[in-house]
There are 2 protein chains.
Amino acid sequence: MQTPTELAAAYRSQGRKLTPQRQLLFQLMHGNDKHPTAESLFAEATAQMPGISLRTVYQTLNELAEMGELQFIDIGGGATRFDPNLDDHHHVVCVDCGQIRDVHVNGTAALKPVGIEDFTINDVGVVFQGVCSTCEKSRAKSHKTAHAKSPAQQAKISK
Amino acid sequence: MQTPTELAAAYRSQGRKLTPQRQLLFQLMHGNDKHPTAESLFAEATAQMPGISLRTVYQTLNELAEMGELQFIDIGGGATRFDPNLDDHHHVVCVDCGQIRDVHVNGTAALKPVGIEDFTINDVGVVFQGVCSTCEKSRAKSHKTAHAKSPAQQAKISK
DNA sequence: TTCTTATTCGCACGACTTGCTAATTAGGTT
DNA sequence: AACCTAATTAGCAAGTCGTGCGAATAAGAA
Ligand SMILES: [Mn+2]
Ligand SMILES: [Mn+2]
Ligand SMILES: [Zn+2]
Ligand SMILES: [Zn+2]
């Protein structure tokens, strides 16, 4: 995703208006590597702009996606995650707490799909599933003791 | 997923009952490479057993997943797809009609994630995005003419 | 056949996202 | 500075997908 300033120019050149809501969301998403959901972004936005609506967050994220400024990530059955990182990269998901981390992958060019001669391939996505160090520790401590789940974990599990 | 006969034995050995609904779903899923949604499976089941409920389809798919007999596939924002194929394989998605095809991938062992030393990786999934030959033809015909969309396309697009 | 308990099924409900629209506002025009 | 008008916002209804719940039913053992 471009910088808030660059986006401002892009918006104006497309006849779109530059509202305070949009400017705030540009800031919150620019360089954001947390892969937030619309709800979590809405929470952050509300802290700085009480009254902003969840509907506007969804609308802005959708228009940024249409403009090619960010991508959607759908993993598991929970909410869609939004990613302003347009570099060629992939993801690792902690199956315990649900966090998504960026990861560069060496070797994707060597991936050879077999048996789909009738498909024109445009893109490849790689998703690693694992457990992050924090969750690994939690597991070590409580072998059988259930430990408190973070909101992210709740979400992941409720899926 | 095991054969309906093998599943019957597995179910009994676990104190689960063998109902007509379950037996039908075992048949419909065994060797099924269509990656159906719960709804589409429900439609097929209803043809042979009018009155079976969608709730039962979901319940049976969930219990088969718990038993490790099938996996869930979440791609895009639509419904979860169910896959009885337990072999080490990956998927290709037609971004036009939404169909999912199995694909074996050479080179996954050589994939090297960079920058996640603090993760314990358990699994890797590769998803190719492309256009199937059927959709490719449709595109060629109607360069600018909208062509009728199949249910799968509708679903994919409505996302 | 009887009994116990798992299962089915329908409906309500929850999570997530979009459709709709009246009120508001950005930003160009006079 | 006041005005105009199309774009945007916000809130609520509605749609999709999946699950919780409980009364009725049925599998399978006794
Ligand atoms: Mn990313
Ligand atoms: Mn498959
Ligand atoms: Zn974790
Ligand atoms: Zn296709």
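Lettering of chains follows the sequences in order, A, B, ..., and the numbering in each one begins at 1. These figures come from a predicted structure and were not determined experimentally. Excluded from the calculations below are hydrogen atoms, water molecules and symmetry mates; all remaining heavy atoms, backbone and side chain alike, are included.
- For the pair B:Thr37 and B:Arg12, nearest-nucleotide mapping onto DNA chain D gives the more 5' position to B:Thr37.
- Look at CG on A:Leu24: it is 17 Å from P on D:dT8, rounded to the nearest Å.
- With rounding to whole Å, A:Arg81 atom CZ is found 17 Å from C:dA15 atom P.
- Summarising the geometry, the separation between CD1 on A:Ile73 and P on C:dC16 is reported as 17 Å, rounded to the nearest angstrom.
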Between protein and nucleic acid, restricted to nucleotides 25-27 of chain D and to nitrogen or oxygen atoms under 3.5 Å apart, what atom pairs and distances do you find?
unit_1, atom_1, unit_2, atom_2, d
D:dA27, N3, B:Lys17, NZ, 2.8

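- Through direct or relayed side-chain contacts under 4.5 Å between Ile, Leu, Val, Met, Phe, Trp and Tyr, A:Phe119 connects to A:Val92, A:Val103, A:Val105, A:Leu111, A:Ile116, A:Ile121, A:Val124, A:Val126, A:Phe128, B:Val92, B:Val103, B:Val105, B:Leu111, B:Ile116, B:Phe119, B:Ile121, B:Val124, B:Val126, B:Phe128.
- Listed by chain and number, the residues in a side-chain hydrogen bond (donor to acceptor under 3.5 Å, both in side chains) with B:Arg16 are B:Gln14 (sequence neighbours excluded).
- A straight line from CD of B:Gln21 to P of C:dA6 spans 17 Å, rounded to a whole angstrom.
- A:Glu6 meets the side-chain hydrogen bond (donor to acceptor under 3.5 Å, both in side chains) test with A:Thr3; sequence neighbours excluded.
- A:Glu44 meets the side-chain hydrogen bond (donor to acceptor under 3.5 Å, both in side chains) test with no other residue; sequence neighbours excluded.
- For the pair A:Phe72 CZ and C:dT18 C1', the computed distance is 12 Å after rounding to whole Å.
- For the ring-ring contact (aromatic ring centres under 6.0 Å, His included) condition, no pair includes a residue of residues 95-116 of chain B, sequence neighbours left out.
- For the pair B:Asp74 CG and D:dT16 C1', the computed distance is 14 Å after rounding to whole Å.
- Looking at B:Thr60, its side chain never comes within 3.5 Å of a backbone N or O of B:Val57 through a donor-acceptor pair.
- At the heavy-atom level, A:Thr80 lies under 4.0 Å from the strands shown only through sugar-phosphate atoms.
- If you take CD of B:Gln23 and C1' of D:dG28, they are 13 Å apart, rounded to a whole angstrom.
- When the ring pair (Phe, Tyr, Trp, His ring centres under 6.0 Å) test is applied to B:His91, the partners found at least two apart in sequence or on another chain are B:His35, B:His89.
- By the 4.0 Å N-to-carboxylate-O rule, A:Arg101 lies close enough to B:Asp118 to be salt-bridged with it.
- Side-chain atoms of B:Arg22 lie closest to C:dT8 of the nucleotides C:dT8, C:dG27, D:dT9.
- Applying a 4.0 Å cut-off to non-hydrogen atoms, the residues of residues 45-65 of chain B that approach DNA chain D are B:Arg55, B:Tyr58, B:Asn62, listed by residue number.
- By the side-chain hydrogen bond (donor to acceptor under 3.5 Å, both in side chains) test, B:Ser53 is found to be paired with B:Thr56, residues two or more places apart in sequence or in another chain being considered.
- Here the C1' atom of nucleotide C:dT17 and the CZ atom of A:Phe42 are 14 Å apart, to the nearest Å.
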